[in-house]
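Notes follow once the structure below has been shown.
Sequence lines set the chain letters: A, B, ... in the order given, protein chains first and strands last, and positions in each chain run from 1.
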Amino acid sequence: MGGAGAAVVEELRRSGVARGDLVALAVAPGVGLGLATPARRAIPIAVEGPVAVLDHVERVLRPRWVLWSKDTAEQLVQAGLRVAACWDIAAVHRLLAGGWRAEPARAWAEVHGLAAETIPKTGPLDLFSHAEQLGGALDEPVRRDGHLSPEWAGGGWSATPDRLARWAELASSVAALQLGRLGGLPDQPRAVTVARSESAVELLCAELSVDGLPMDCGVAEEVIAGFIGPRPRTEDEAAAQRSRRDAEVLRHAPPGAPVDLRSPGQVRSLLRQIGVEVPDTRAWRLEALRHAHPLVDAILTWRKAERMATTFGYAWLDENLGEDNRLRGAWSGCDGAAGRMTASAGLHNMPADLRRAVLAEPGHVFVRADLGQIEPRVLAAVSGDEALARAAMADDMYAPVARQLGVDRATAKVAVLGAMYGQTTGRGLQALHRLESAYPVAMAYLERADRAGQAGHDLRTYGGRLLPMGASSPPAASEHEARGRAAARGRYARNAAVQGAAAELFKVWAATVRARGAQLGAGIVLCLHDELLVHAPVEHGDAVARLAEACLHEAAHRWAPDDSVRFVADISAIPRWSDAKG
DNA sequence: TGCGGCTATTG
DNA sequence: CACAATAGCCGCAG
């Protein structure tokens, strides 16, 4: 096998490929693989075990693999191969064009200046077997109108080394065009760097999905039992537990018709009967009335338990926690909006009570690292506001901001967050006005984004992600509604500019930790917007903690080389997630 | 059966 | 109670 790998390395070197250079890859187990280099040399390789060949190339040459999407990364990770670097065409397309859809035909159309609406549809006739019957259709992947042919784009073709190499060649050309596009963005000089980290995060996502989050099943069941009782053995037992919880609430209610506590409308009527009038029954509203009547308190307690029973209960464990005590969900490198990572299976919204069930494996610890006040610091960086950057020198930047505004810390914090979210009412409004004069550059940056959003003009984040603002909603029924919709777009844009830039920095950091942590046997097991959980051998806990800190500064410099803003992280090595001071 | 509304959880 | 996400149940329309 080393022979086949060595021959491929030799061929790549002849094609001018050195460490870190782009090499496009398409792979089919049992068939072989296709490679392509920027010199447009397509290399078909017929081999039983393509992954072993790739492993060799990775170890000797370590190129930047051009992949059409995370699918290939997942394929490789499943087969036991973790590559260091890639150029993920789908992830880069999402950066370049915004939104979430990023099939090969879209990425192709984008870099060739073709409208997405003109992409040929893959109809029901493009089934696997049918594509084969088309015979000649697979010979030419690019149609006369410039689009990728649906037969190729659909991926339904049966792989041969030659076709894989052709597919890789197409990927190689798209990557080169994407690179040119990103490099040519005049106001986003870091876009190429961001594209690389976004790509690396796709690899990380593939690994996160496969590896899962280490948990202690016993503790998890203990926590759940604390809310809803022991695991029911039968459906009847589960029903009995449910009605016991309901009865505990309803005994505080006046006698009458049975009330379905799961129906907000009926709960609202019930509350009206005891003299509590509310526009809706959200917890934050009921919280203020908790002591008005025992029923209110009972409802709030019931809601907590109901959440545990339905969303984070025993069924959730059974579905998502593996035999090996790893909680697994699907990870995405960016959402469809500002570009934050997303995860399913409760990995991003697990109730805080369950964090004590997140436990490192024997001989391991978690290094938990979370960024402090990332959004206002990022705002200072992307807007170039020197006064706000000076405030960011403090560990707690709301303290100097509060002094500057002449208000208390809590008010300063509300005002800063309000400015970034687009708050226009409530307390802190006066402090908001003072922000305008204290940090005019940052506030103008937000204002500019707000106006662009209102006008329906697309904008880009600092790192280059397109935020599409096209008015793609149904026509407003009234002037009032139209104004409200525009204001909402303005708030959205204002926030996305900051949240999106923060997501970029976070992902550069995550990619850096992923790369540097490998030497210490450390692997990221959870990403939570501004927080990393790294699983590391216990003897390297302190070293990994220092590494996470060093990686933050490296990442910040990579993302914004002028180093004008200080970023801080709270980092600790702990056996359980809940052990962090948080 | 599909979908919008309401609710809760996280950042 | 503004911004983002995932997710479950209810109630209504088809």
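At the heavy-atom level, A:M341 lies nowhere under 4.0 Å from the strands shown. Within 4.0 Å of A:A345, counting heavy atoms only, lie sugar-phosphate atoms of the nucleic acid but no base atom. Nucleic acid contact class of A:A338 (heavy atoms, under 4.0 Å, all strands): none. Looking at heavy-atom distances under 4.0 Å, A:R262 makes contact with sugar-phosphate atoms alone, never a base. Using a 4.0 Å heavy-atom cutoff across all strands shown, A:E306 reaches no nucleic acid atom at all. At a threshold of 4.0 angstrom between heavy atoms, the contacts of A:R285 with the nucleic acid are absent. Residue contacts shown for A:R355 are limited to sugar-phosphate atoms, with no base heavy atom under 4.0 Å away.
A:R231 has no carboxylate O lying under 4.0 Å from a charged side-chain N of A:E237, or vice versa, which leaves the two without a salt bridge. Salt-bridge annotation for A:D324 and A:R326: absent, with no side-chain N of the basic residue lying under 4.0 Å from a carboxylate O of the acidic one. With salt bridges taken as basic N to acidic carboxylate O contacts below 4.0 Å, none links A:D335 and A:R340.
One can place CZ of A:R489 at 17 Å from C1' of C:dA2, the figure rounded to the nearest angstrom. As a whole-Å value, the separation of A:L354 CG from C:dT6 P is 20 Å. Atom CZ in A:R282 sits about 8 Å away from atom P in C:dA2, given to the nearest Å. Atom CZ of A:F506 is separated from atom P of C:dA5 by 17 Å (rounded to the nearest Å). Atom pair A:D260:CG and B:dT7:P shows a separation of 14 Å (rounding to whole Å applied). Put simply, CD on A:E287 is 10 Å from P on B:dA8, counting in whole angstrom units. Distance CG (A:L446) to P (C:dA2): 18 Å, rounded to an integer number of Å. Between the P atom of B:dT7 and the CG atom of A:L271 lies a distance of 11 Å, rounded to the nearest Å.
Minimum atom distance to the side chain of A:T342 is reached by C:dA5, of the listed C:dC10, C:dA5, C:dA7. Of all nucleotides listed (B:dT9, B:dA8, C:dA7), B:dA8 comes nearest to the side chain of A:A283. Of the listed nucleotides (C:dA4, C:dG8, C:dT6), C:dT6 has the atom at the smallest distance from the side chain of A:N349. Checking B:dT9, C:dT6, C:dC9 against the side-chain heavy atoms of A:R307 singles out B:dT9 as nearest. Minimum atom distance to the side chain of A:H529 is reached by B:dG11, of the listed C:dC3, C:dA7, B:dG11. Nearest nucleotide to the side chain of A:A352, out of B:dG11, C:dC9, B:dT10: B:dT10. Checked against C:dA7, B:dT7, B:dG11, the side chain of A:S344 finds its nearest nucleotide in C:dA7. When distances run from any side-chain atom of A:T310 to the nucleotides C:dA4, B:dT7, C:dG8, the shortest one goes to C:dG8.
Remark: A:S263 is in phosphate contact with C:dG11, judged by side-chain N or O atoms under 4.0 Å from OP1 or OP2. Side-chain N/O atoms of A:T281 include none lying less than 4.0 angstrom from OP1 or OP2 on B:dC6. Phosphate proximity of C:dA2 to A:R491: absent, as no side-chain N or O sits under 4.0 Å from OP1 or OP2. A:Q266 has a side-chain polar atom (N or O) that falls below the 4.0 Å cut-off from OP1 or OP2 of C:dG11. Checking the phosphate oxygens (OP1, OP2) of C:dA4, no side-chain nitrogen or oxygen of A:R340 falls inside 4.0 Å.
For A:W331 and A:H348, the ring centers sit closer than 6.0 Å to each other. Taking the six-membered ring for Trp, A:W509 and A:F567 have ring centres at least 6.0 Å apart.
In this structure, a donor-acceptor pair under 3.5 Å is present between the side chains of A:T281 and A:R303.
The aromatic ring of A:Y492 does not sit over the base of C:dC3; the criterion of centres under 5.5 Å apart with planes under 30° is not met.
At a threshold of 4.5 Å between non-hydrogen side-chain atoms, the residues A:W302 and A:R262 count as touching.
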